[in-house]
Number of protein chains: 2
Amino acid sequence: MYTDLFLKTHRVPAITADEQAALEGASVRTVTYNARQIIVRQQTPLTQCTLLLEGFVERYKDTPEGRRQILAIHIPGDFVDLHSYPLKRLEHSVAALTDVRVALFPHPEIRALTKASATLTELLWRSTLVDAAINREWIVSIGARSAAIRLAHLFCEMYVRLQRIGQAPTLTFPLPLTQVDLADATGLTAVHANRMLRQLRERGMVAFRQGEVEILDWDALRRFAKFDPAYLFFE
Amino acid sequence: MYTDLFLKTHRVPAITADEQAALEGASVRTVTYNARQIIVRQQTPLTQCTLLLEGFVERYKDTPEGRRQILAIHIPGDFVDLHSYPLKRLEHSVAALTDVRVALFPHPEIRALTKASATLTELLWRSTLVDAAINREWIVSIGARSAAIRLAHLFCEMYVRLQRIGQAPTLTFPLPLTQVDLADATGLTAVHANRMLRQLRERGMVAFRQGEVEILDWDALRRFAKFDPAYLFFE
DNA sequence: CGTAGTCTTGACCCATCTCAAATGGTGTGG
DNA sequence: CCACACCATTTGAGATGGGTCAAGACTACG
């Protein structure tokens with residue numbers, strides 16, 4: 001079942017067994033990509049959407065100044081480019097962070113779903129908007145939080161999201177980013193990100209090494225980052 | 001016609017006259033708000049969506065640290081909280097920047113529209129995703145651009161958006177923000193924003209005073225900000 | 001076992017912030 | 001019509017968070 005994790009992440013509005021079957025049936029095939037492979041290049045016209053089944057994916061934009069800004073990190077169960085259905089092309093790129101497996105949903109199939117069920121439409125639409133809410137929280141992070149808090153906040157977010165799909169059963173979980181990636185996501189330089197990571201580790205809150213996060217003190221971390229998961233719309 | 005400006009901003013996918021009439025009919029009434037009045041408070045359950053007819057609106061989030069981050073600036077023709085239809089509540093607040101007039105669309109009416117037309121659904125969905133694309137461009141701005149460029153880029157964006165709805169016929173247009181607002185939108189302090197505004201003015205690119213932008217040299221400004229409007233999805 | 005990416009650390013610098021105060025509207029009440 | 005309060009803007013001086021540059025260490029992998 002391709003859509004199990006997606007439905008675990010998005011429980012509202014509730015859909016019927018028939019609707020779930022229709023959603024599942026809208027997928028035509030699965031594809032795999034290798035780590036660091038580009039899945040969608042910005043501005044390319046798209047005709048299908050990609051549901052992440054296994055592995056991690058990033059969305060990012062290269063700036064004219066030669067910098068790179070990571071816009072989102074996706075985990076299994078996320079539609080990484082469902083917004084390509086109404087938009088037809090994306091203004092950013094999508095790349096695999098690890099080896100990944102995805103299921104493809106052609107736009108016409110999605111259109112058929114929207115015709116068949118207003119509830120399913122609402123669910124799909126909603127999932128793209130939860131994504132946007134995460135974008136907005138990143139604006140707040142980058143615009144109004146200090147470097148250390150930005151990193152702490154990101155670790156909180158990824159922990160809670162992974163926990164929900166059952167992929168963070170303990171306080172140690174994979175986050176397959178380099179320190180450069182972490183810097184590109186938080187609007188910092190790699191050097192400063194490195195120093196802040198050390199600080200978070202030494203202060204006993206969280207340790208990041210080799211693409212793995214170990215939460216040393218969840219309560220301290222959550223308080224330090226002032227993390228409030230409301231923006232993730234779990235319900 | 002409440003939806004004229006909205007349809008001027010969002011031309012894709014094209015809808016029929018019947019669909020346009022249905023959209024128009026989904027609005028139950030108009031309301032006015034005074035400048036600086038809060039329209040939607042974060043986390044309040046919502047049962048209707050707000051289409052901005054006249055005036056300017058901001059979306060923002062107050063951080064636990066006591067800072068304020070502006071997330072979006074809306075102009076006539078924007079649905080300021082269409083995302084409340086699938087989300088049911090918002091994780092940010094919405095406030096009037098000027099005296100405004102809005103049209104209200106109850107969620108049940110919007111649901112009826114999604115049942116009636118897949119094309120109209122796509123159009124509405126798309127408009128929320130263009131909004132998200134703007135959010136992402138702001139992430140890039142705040143995360144990867146210098147202070148002066150952030151401001152220049154914002155002026156470019158507002159100019160192009162206002163131009164499209166016919167409200168920037170010349171190179172001078174209203175942008176009813178204070179310098180504090182401008183700073184809250186770009187992740188700067190008001191003091192630094194002030195200094196950068198002076199620099200942009202002295203370098204002959206753009207002058208901002210009393211809620212009004214005067215573009216002194218559009219080409220220079222556009223080049224300086226490396227502004228590419230692709231993320232606005234005009235088509 | 002060489003090469004390239006990643007991480008770490010040091011030293012220095014600068015873009016931006018903080019604090020503080022002066023200036024200049026503008027609306028209000030007397 | 002004046003005096004006052006309030007807010008937005010401007011400017012100065014000094015502090016600092018984070019950037020830049022550079023080098024060394026560690027790791028994975030062909």
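Residue numbering restarts at 1 for every chain, and letters A, B, ... go by the order of the sequence lines. It should be emphasised that the depicted structure is a prediction, and the values quoted were computed from it without experimental measurement.
Cation-pi check for B:Arg89 over A:Phe233 is met; the charged atom lies under 6.0 angstrom from the ring centroid and within 45 degrees of its normal.
In this structure, A:Phe79 has its ring center under 6.0 Å from that of A:Phe105.
In this structure, B:Arg198 reaches the sugar-phosphate backbone alone: every heavy-atom distance under 4.0 Å involves primed, P, OP1 or OP2 atoms, never a base. In this structure, A:Gly211 reaches neither bases nor backbone, as no heavy-atom distance under 4.0 Å exists between it and the strands shown.
Here the P atom of nucleotide D:dG17 and the CD1 atom of A:Ile149 are 12 Å apart, to the nearest Å. One can place CZ of A:Arg209 at 13 Å from P of C:dC7, the figure rounded to the nearest angstrom. Atom CZ in B:Arg195 sits about 12 Å away from atom P in C:dT16, given to the nearest Å. Taking atom NE2 on B:His192 and atom C1' on D:dT16, their separation rounds to 14 Å, with Å as the unit. Per the geometry, CG belonging to B:Asn194 stands 19 Å off P belonging to D:dC7, to the nearest Å. The separation between A:Arg36 atom CZ and C:dT6 atom C1' is 11 Å, rounded to whole Å. Atom CE in B:Met196 sits about 12 Å away from atom C1' in C:dC17, given to the nearest Å. Residue A:Arg201 contributes atom CZ, which lies 10 Å from atom C1' of C:dC7 at whole-angstrom precision.
Judged by distance alone, with hydrogens and angles left aside, the side-chain atoms of A:Arg150 form a donor-acceptor pair with the main-chain N or O of A:Arg145 at under 3.5 Å. Here the side chain of A:Arg101 pairs no donor or acceptor atom with the backbone of A:Leu53 at under 3.5 angstrom.
A residue-by-residue look at B:Val191 and A:Val191 shows that B:Val191 has its nearest nucleotide of DNA chain D further toward the 5' end. The residue among B:Gln210 and A:Leu197 whose nearest nucleotide of DNA chain C is located toward the 5' end is A:Leu197.
You'll find that the side chain of B:Thr178 is closest to D:dT9, out of D:dG18, C:dC17, D:dT9. Between D:dG19, C:dT18, C:dT16, one nucleotide has an atom nearer to the side chain of B:Ser146 than all others, and that is C:dT16.
Applying the 4.0 Å criterion to OP1 and OP2 of D:dT10, one finds that B:Gln179 has a side-chain N or O inside that range.
For the pair A:Arg126 and B:Tyr85, the minimum side-chain heavy-atom distance is 4.5 Å or more.
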